[in-house]
2 protein chains.
Amino acid sequence: MATFMDVHSGFVGVTAQQLEEAHERDLAIEAGEGVHFARAWLDPEMGKVFCLSTAPTKEAIMRVHERAGHPTAEVYELSVEVA
Amino acid sequence: MATFMDVHSGFVGVTAQQLEEAHERDLAIEAGEGVHFARAWLDPEMGKVFCLSTAPTKEAIMRVHERAGHPTAEVYELSVEVA
């Protein structure tokens with residue numbers, strides 16, 4: 001398992017409730033791919049969403065997001081973290 | 001105070017130690033701007049760095065990163081978060 005950040009663009013004006021619903025659709029199907037979406041953040045003015053997850057591969061994340069209705073090709077494997 | 005994600009590009013091949021040092025330079029001066037960088041993640045293959053912070057404004061983050069030697073103009077205010 002590795003840690004990933006994926007990025008979605010074009011979500012201008014999306015509400016907190018819409019983000020919550022989109023996230024719930026991911027959570028409902030993530031287990032089938034061995035993915036877990038830990039957190040998601042939205043900048044509704046710039047239309048950006050960032051999802052932090054653990055997953056076996058980049059492709060597993062892309063499959064979950066695509067089946068949940070919000071595909072993205074922008075997925076980064078975060079092999080280094082500092083805090 | 002608000003939550004922000006900033007993104008740096010072009011960090012291909014950066015090591016864990018280099019990220020740690022860059023993060024330490026931020027931490028050393030962040031208080032002067034009322035910023036706190038909570039976490040930073042690196043994808044050394046794609047050269048992307050994501051920094052999660054709390055700050056009074058986007059500009060405060062930009063000033064800290066610039067003075068620490070790694071400026072970026074890509075800063076998002078995350079007014080919505082789900083987990």
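What you see is a predicted model, and the numbers here were worked out from it, not measured in a lab. Chain naming here is simple, since letters A, B, ... match the order of the sequence lines and numbering starts at 1 in each.
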Heavy-atom neighbours of [X] [atom1] exceed 12 at 6.0 Å:
X     : atom1 : value
B:E66 : CD    : no
A:E74 : CD    : yes
A:E45 : CD    : no

Check the hydrophobic clustering (I, L, V, M, F, W, Y; side-chain heavy atoms under 4.5 Å; chains of links allowed) and say if [X] and [Y] are grouped together.
X     : Y     : value
B:F11 : B:W41 : no
A:V7  : A:M46 : yes
B:I29 : B:I61 : yes

Counting only non-hydrogen atoms closer than 4.5 Å, does [X] touch chain A with its backbone (N, CA, C, O), its side chain (CB onward), both, or neither?
X     : result
B:V49 : neither
B:L52 : side chain
B:A38 : backbone

Quiz item: Going by heavy atoms in the side chains, are A:M5 and B:K48 under 4.5 Å from each other?
Solution: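 Not touching, per the 4.5 Å side-chain cut-off.
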
Quiz prompt | Minimum-distance pair of heavy atoms, taken over all atoms of A:A83 and B:R39 | solution =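 Looking at all heavy atoms of both residues, the shortest contact is CB-CG, 4.1 Å.
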
Self-check item: Partner chain B: residue of A:T3, A:L27, A:V14, A:L19 with the largest heavy-atom pair count (under 4.5 Å)
Solution: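 The candidate making the most pairs under 4.5 Å is A:L19.
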
Quiz item: When heavy-atom pairs shorter than 4.5 Å are enumerated against chain B, which of A:F4, A:Y76, A:F37 gives the highest number?
Solution: A:Y76

Quiz item: Passes side-chain contact (heavy atoms from CB on, under 4.5 Å), B:L78 versus A:F50? Steps please.
Solution: CA-CA 9 Å; B:L78 308 171; A:F50 298 90; 4.0 Å; yes

